[in-house]
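So you know, we letter chains A, B, ... as the sequences are listed, proteins then strands, and number each from 1.
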There are 2 protein chains.
Amino acid sequence: MLDNSQYIEKLRSSGLRPTKQRIKICEVLFNSEKTFHFTINELVKRISKSTNDKISLATVYNTVHAFKNKGYLKEIPINSDQSYFDTNTSHHHHFYDETQKDLIDIDDADVEPVKINTRIPGKKIKSVEVLVKVEDDKS
Amino acid sequence: MLDNSQYIEKLRSSGLRPTKQRIKICEVLFNSEKTFHFTINELVKRISKSTNDKISLATVYNTVHAFKNKGYLKEIPINSDQSYFDTNTSHHHHFYDETQKDLIDIDDADVEPVKINTRIPGKKIKSVEVLVKVEDDKS
DNA sequence: CAACAGTTTAGAACTATTATAATGTAGAAA
DNA sequence: TTTCTACATTATAATAGTTCTAAACTGTTG
Ligand SMILES: [Mn+2]
Ligand SMILES: [Mn+2]
Ligand SMILES: [Zn+2]
Ligand SMILES: [Zn+2]
């Protein structure tokens, strides 16, 4: 929970001009106690609920990608027709409920550290993500 | 490495009519010693290299989805503009080279079994997939 | 063979995402 | 404060992977 001046500082220190659109998007993304997952469309809805000034879809895409590049958001790899993002940038994994198309954090304490005992020469590891797909238990 | 009569049997026993398109796609997918990863476009290219009879794009999509539903193919979750499929349906994980947009199997022996010590009530686990993103090592 | 459900197909439709290019603005310099 | 300019926003078009449609075709069964 930060106030606007802190977002302005955060944006400035990232080399991003603190425009009113970016500040608003910061509020929507980071002004809540709990982190959450979202698609671009869901974010657009959250934004329009919390302001009267419309932000164009292109700006939402641009800003989400900028924040992702700066490390303020993560993109979660799922097979879906749309991208999912996460305001929780700490190391953790996910359940994906295929029935409800819903992402759920797995507390990092509930997952044994994933050990990969092999490497690709000339490449370095950027991330290690576990996705646990679940479905309704009919049995 | 199976011959056509075995594909015909495999298709029949799955409730799929053994059409010449499906048999051809079986050959392209399963007639090699090594398993591999592919996108729909790459599969279309492989098909046209190995036959003169064109198979329509819609049929390729239909068949890949049918095979996936029958468990003959897996879809690999990646953030990409296109879907990746895998002819290796045994349990294993992947490196994804973001530079070359290339999927590489991780031998299951090189990964400690992933233990998830929590569940979602009413849901059962369908799959547990580890994706290790790598990039060029410039350091 | 006849009948029919399942399959293939070309092409249209759909939709998430990206590109374009004109307009606007934050921040620094004069 | 005014000017300047690189960066940002925006409406809109373009792109592209995927799915849909509906007509033609085919494998299977009786
Ligand atoms: Mn998909
Ligand atoms: Mn993406
Ligand atoms: Zn998360
Ligand atoms: Zn694989």
Side-chain angles (χ1 to χ4, degrees), chain A residues 4-5 7-28 37-45 47-48 51-70 72-73 75-85 101 103, chain B residues 4-5 7-26 28 37-45 47-48 51-70 72-73 75-85 98 101 103:
Chain A
N4 285 5
S5 66
Y7 293 134
I8 290 171
E9 189 45 42
K10 177 175 178 157
L11 289 165
R12 273 220 186 83
S13 68
S14 311
L16 297 172
R17 285 190 185 167
T19 64
K20 67 179 195 302
Q21 290 87 349
R22 284 171 175 165
I23 294 165
K24 168 54 67 182
I25 292 173
C26 277
E27 288 175 24
V28 172
H37 309 109
F38 63 92
T39 63
I40 296 290
N41 264 328
E42 290 165 358
L43 179 55
V44 166
K45 282 182 203 157
I47 292 167
S48 38
T51 183
N52 293 317
D53 310 320
K54 176 159 30 194
I55 299 179
S56 80
L57 183 60
T59 296
V60 177
Y61 271 100
N62 290 342
T63 303
V64 165
H65 285 138
F67 287 3
K68 178 192 165 191
N69 289 337
K70 295 297 178 183
Y72 304 147
L73 291 173
E75 189 172 1
I76 310 299
I78 319 176
N79 285 328
S80 168
D81 52 343
Q82 56 201 319
S83 291
Y84 280 77
F85 296 91
K101 298 193 178 308
L103 265 180
Chain B
N4 285 5
S5 65
Y7 293 134
I8 290 170
E9 189 43 43
K10 177 175 177 157
L11 289 165
R12 273 220 187 82
S13 67
S14 312
L16 299 171
R17 286 189 184 168
T19 63
K20 67 179 196 301
Q21 292 87 349
R22 284 171 175 166
I23 295 166
K24 167 53 67 181
I25 293 174
C26 277
V28 172
H37 309 109
F38 64 91
T39 63
I40 296 291
N41 265 327
E42 290 165 358
L43 178 56
V44 167
K45 282 182 203 156
I47 292 167
S48 39
T51 183
N52 293 317
D53 309 321
K54 177 161 25 197
I55 299 180
S56 81
L57 183 58
T59 296
V60 177
Y61 272 100
N62 290 342
T63 303
V64 165
H65 285 139
F67 287 4
K68 179 192 166 190
N69 289 337
K70 294 297 178 185
Y72 305 147
L73 292 174
E75 189 172 1
I76 310 300
I78 320 176
N79 286 327
S80 168
D81 51 344
Q82 57 200 316
S83 291
Y84 280 78
F85 296 90
E98 294 201 317
K101 299 193 178 306
L103 265 180

Considering heavy-atom distances to DNA chain C, does B/I55 or B/R17 have its closest nucleotide positioned more toward the 5' end?
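Whichever sits nearer the 5' end wins; that is B/R17.
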Between A/K24 and A/E27, does any side-chain N to carboxylate O distance fall below 4.0 Å?
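Salt bridge: yes.
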For a quick test of reading the model: is some side-chain N or O of [X] closer than 4.0 Å to OP1 or OP2 of [N]?
X: A/Q21; N: D/dT10; value: yes
X: B/T59; N: C/dT9; value: yes
X: A/R22; N: D/dT9; value: yes
X: A/Y61; N: C/dT17; value: yes
X: A/S83; N: C/dT17; value: yes

Residue [X], side-chain heavy atoms: nucleotide from [options] that is nearest:
X: B/N62; options: D/dG17, D/dA8, C/dT9; answer: C/dT9
X: B/A58; options: C/dG11, D/dA11, D/dT26; answer: C/dG11
X: A/T19; options: C/dT7, D/dT9, D/dT10; answer: D/dT9
X: B/I40; options: C/dT7, C/dT9, D/dT18; answer: D/dT18

Separation of atom [atom1] in [X] from atom [atom2] in [N], rounded to whole Å:
X: B/Q82; N: C/dA16; atom1: CD; atom2: P; result: 18 Å
X: B/L57; N: C/dT9; atom1: CG; atom2: P; result: 11 Å
X: A/K24; N: D/dT10; atom1: NZ; atom2: P; result: 13 Å
X: A/K45; N: C/dA16; atom1: NZ; atom2: P; result: 10 Å
X: B/F85; N: D/dT18; atom1: CZ; atom2: C1'; result: 10 Å
X: A/N69; N: D/dC7; atom1: CG; atom2: P; result: 16 Å
X: A/E75; N: C/dT18; atom1: CD; atom2: P; result: 9 Å
X: B/N79; N: D/dG17; atom1: CG; atom2: C1'; result: 15 Å

How close do B/L11 and B/P18 get, counting heavy atoms only, and between which atoms?
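Heavy atoms only, the tightest pair is CD1-CA, 3.7 Å.
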Might you point out which heavy atoms bring B/I25 and B/V60 nearest each other, and give the distance in Å?
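B/I25 and B/V60 have their closest heavy atoms at CD1-CA, 4.3 Å.
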DNA chain D: B/R12 or B/Y84, which has the more 5' nearest nucleotide?
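Closer to the 5' end of DNA chain D: B/Y84.
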5' priority, DNA chain D, between B/H65 and B/K20 [closest heavy atom]
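This one resolves to B/H65.
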Just one of A/L43, A/V44, A/I40 clears the side chain to side chain contact (heavy atoms under 4.5 Å, CB included) bar with A/Y61, so which one?
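That would be A/I40.
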Take B/L73 and B/F38 through the side chain to side chain contact (heavy atoms under 4.5 Å, CB included) test and state the conclusion after the steps.
CA-CA 10 Å; B/L73 292 174; B/F38 64 91; 3.9 Å; yes
